[in-house]
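For the numbers below, each heavy atom of this structure counts, side chains included, while hydrogens, waters and symmetry mates do not.
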Amino acid sequence: MTLHPTGPRAALDAIPGSLIREVSEAGRNIPGLIRLFFGEPDTVTPDFIREAAKAALDAGHTFYAPNPGIAPLREAISRYLTRNRRTVGPERIAVTASGVNALMLVAQALLSPGDRVVIPMPAWPNMDGIARVMGAEVTPLPIRIANGVWRVDLDELLATVTPGTRLLFLNSPGNPTGWTLTAAEQRAILDHCRKTGTWILADDVYERLYFAGDAAPSFLGIATAEDRVVSVNSFSKSWSMTGWRLGWIVAPPALMDSLAKLNEFNMSSAPTFVQHAGVVALDQGDAFIGETQARYRACRDLALGILGAVPGVTAPRPDGAMYLFLKVDGCTDSLALAKDLLTTAGVGLAPGAAFGPGGEGHLRLCFAQSEDRLRTACTKVAQALSARAAKG
């Protein structure tokens with residue numbers, strides 16, 4: 001047997017490793033480090049969800065599930081979406097083993113080598129990596145600071161998405177910036193993509209972590225079942241279930257058989273007892289999500305109040321999600337700065353360079369923390385960055 005002379009696929013070789021993981025590993029043995037580099041809260045999954053998983057295990061739900069997910073969970077997702085003004089039937093829903101698994105399945109279903117994918121950046125690096133694994137060509141679209149918030153210029157977006165664009169990836173509210181599309185912008189984008197034949201892949205993971213209403217605007221509220229619109233979501237953020245690895249896809253009917261097939265080839269099905277816990281999370285979790293929204297809004301304002309006053313630091317106000325994306329004047333190596341803050345501040349932040357074009361010179365801070373812990377972390381970072389600015 002002859003091995004490929006370059007070993008792993010060239011496309012995979014060209015994708016850099018996670019800079020966030022690099023900072024995490026650098027801080028692994030630092031005692032008392034406050035770890036704000038990952039996008040997860042410092043609280044465990046709520047009791048009612050954990051108890052539901054235990055009950056499912058005790059009931060013997062330990063066998064394979066159907067590829068698209070168990071019927072009770074698909075029905076619960078449909079009920080949840082309908083309550084939030086996104087009327088979708090269970091026949092258009094596929095359960096996945098996490099949100100990132102959902103993105104990979106959609107990419108496998110839609111992308112071929114050489115396809116053009118447009119991604120607003122700075123952005124969560126996984127979608128860029130997924131597109132490149134599939135051999136697609138990624139075109140970054142700048143997200144910029146305007147009037148104190150991160151925004152994408154709509155005219156620039158529409159000009160960038162051409163008939164040669166296979167896929168437009170939109171994470172709104174977005175990681176790491178918290179930028180959020182308005183309903184009017186979504187309508188303009190959908191109308192444009194109908195003309196160009198471009199698929200919209202909407203990452204709605206943070207749609208309930210939105211600070212101007214119960215939920216951020218959604219393409220699912222305006223698209224027809226036949227539109228080239230796919231929405232992915234996850235239990236990780238809104239239900240504090242990062243370690244559970246459970247998500248879902250909403251897609252046009254014509255894509256559902258392909259997604260079921262890809263589910264089989266990738267992981268067969270999400271764990272059955274975890275899916276049963278997901279039913280309870282959806283049906284009983286609205287109050288918890290409301291409390292989480294209010295808590296994160298207060299955390300955002302606390303972090304902004306401390307870090308926005310630091311000389312040389314620009315702290316745009318996020319519309320949603322769980323992050324501040326801080327611009328640090330004079331920073332040309334955010335990885336080095338993030339590693340330095342591990343010792344000078346005792347706080348772990350994510351380097352902006354991890355989030356692609358436009359990210360260098362920034363730091364991402366996850367504010368999904370208890371008030372005392374967050375205040376301590378932000379104060380330490382503010383002191384370290386103020387000392388840095390004083391040195392010139």
Side-chain angles (χ1 to χ4, degrees), residues 9 11-12 15 64-71 73-74 76-78 80-81 86 88-119 123-138 165-172 175 198-207 218-220 223 225-237 241-272 274-275 278 282:
R9 287 179 53 218
L12 188 58
I15 301 169
Y64 288 132
N67 294 143
I70 62 173
L73 181 54
R74 296 169 74 194
I77 294 169
S78 177
Y80 166 79
L81 292 171
R86 295 113 161 88
V88 175
E91 71 281 355
R92 291 180 55 204
I93 295 167
V95 175
T96 64
S98 77
V100 69
N101 173 240
L103 292 173
M104 178 57 84
L105 295 175
V106 175
Q108 290 172 344
L110 296 179
L111 296 180
S112 298
D115 280 345
R116 184 170 186 258
V117 177
V118 172
I119 303 178
W124 182 52
N126 288 43
M127 188 59 213
D128 175 77
I130 286 170
R132 294 181 189 278
V133 165
M134 298 304 301
E137 298 177 0
V138 175
T165 304
R166 175 64 170 170
L167 181 71
L168 171 62
F169 174 72
L170 295 169
N171 174 212
S172 169
N175 173 8
T198 300
W199 283 86
I200 296 171
L201 175 50
D203 181 344
D204 293 328
V205 167
Y206 297 100
E207 67 171 356
S218 170
F219 283 99
L220 292 181
E226 303 304 323
D227 275 317
R228 292 187 169 189
V229 173
V230 179
S231 166
V232 303
N233 216 316
S234 168
F235 286 80
S236 291
K237 311 301 182 179
M241 295 173 66
T242 51
W244 295 66
R245 317 317 295 141
L246 188 65
W248 73 80
I249 301 168
V250 175
L255 205 58
M256 296 308 298
D257 285 346
S258 294
L259 291 173
K261 187 184 300 182
L262 287 165
N263 248 332
E264 170 64 27
F265 296 156
N266 279 269
M267 46 65 173
S268 295
S269 64
T272 308
V274 172
Q275 293 192 50
L282 290 162

What distance separates Ser234 OG from Met241 CE, expressed to the nearest 0.5 Å? 8.5 Å
Under 3.5 Å, side chain of Asp203 to main-chain N/O of Leu170, donor-acceptor pair present? no
Carboxylate-amine/guanidinium proximity below 4.0 Å for Lys261 and Asp257: no
Run the side-chain contact (heavy atoms from CB on, under 4.5 Å) test on Leu255 and Leu110 for me, step by step, so that the C-alpha distance in whole Å, both residues' side-chain angles and the decisive distance to 0.1 Å come before the verdict. CA-CA 9 Å; Leu255 205 58; Leu110 296 179; 4.0 Å; yes
Would you say Arg86 and Val250 make side-chain contact, with heavy atoms under 4.5 Å? no
Would you indicate whether the side-chain heavy atoms of Asn101 and Arg245 approach each other to under 4.5 Å? no
Side-chain heavy atoms of Phe235 within contact of Val274, under 4.5 Å: no
Would Val100 and Trp124 count as a side-chain contact (heavy atoms from CB on, under 4.5 Å) if you check the C-alpha gap in whole Å, the side-chain angles of each, and the deciding distance to 0.1 Å? CA-CA 11 Å; Val100 69; Trp124 182 52; 3.7 Å; yes
Under the criterion side-chain contact (heavy atoms from CB on, under 4.5 Å), I'd like the reasoning laid out for Asn171 against Met127: C-alpha separation, chi angles, the key distance, then a yes or no. CA-CA 10 Å; Asn171 174 212; Met127 188 59 213; over 6 Å; no
Taking all heavy atoms of Arg74 and all of Ile93, pick out the closest pair and write down the distance. NE-O, 2.9 Å
Can you check whether Trp199 reaches Asp115 side chain to side chain, under 4.5 Å on heavy atoms? no
Using every non-hydrogen atom in the two residues, find where Ser231 and Asp204 come nearest and quote the distance to one decimal. OG-OD2, 2.6 Å
Where Ile15 and Gly129 come nearest, the two heavy atoms and their spacing: CD1-O, 3.5 Å
Whether Asn263 side chain and Val95 backbone form a donor-acceptor pair below 3.5 Å: yes
I'd like to know if the side chain of Thr165 and the backbone of Leu167 have a donor-acceptor N/O pair within less than 3.5 Å. no
May I ask you to test the Asp128-Val117 pair for a side-chain heavy-atom distance under 4.5 Å? no
Minimal non-hydrogen separation, Pro252 against Asp227, with atom names: CG-O, 3.1 Å
Please round to the nearest 0.5 Å and tell me the distance separating atom CE of Met134 and atom CD of Gln108. 5.5 Å
Quick one: closest heavy-atom pair of Leu168 and Thr198, and the distance? N-CG2, 3.8 Å
When rounded to the nearest 0.5 Å, the distance separating CG of Leu201 from CZ of Arg228 is 14.0 Å
Value rounded to 0.5 Å, distance of CD1 in Ile77 from OH in Tyr80: 10.0 Å
Do you know the tightest heavy-atom contact between Ala65 and Ser269? N-OG, 3.2 Å
Interatomic spacing from CG in Asn233 to CH2 in Trp248 - rounded to 0.5 Å: 4.0 Å
Polar side-chain atom of Gln275 near backbone of Ala270 as donor-acceptor pair, under 3.5 Å: yes
Verify, without hydrogens or angle tests, whether Arg166 (side chain) and Leu111 (backbone) share a donor-acceptor contact under 3.5 angstrom. no
Inter-residue atom distance Leu282.CG - Leu73.CG, 0.5 Å rounding: 6.5 Å
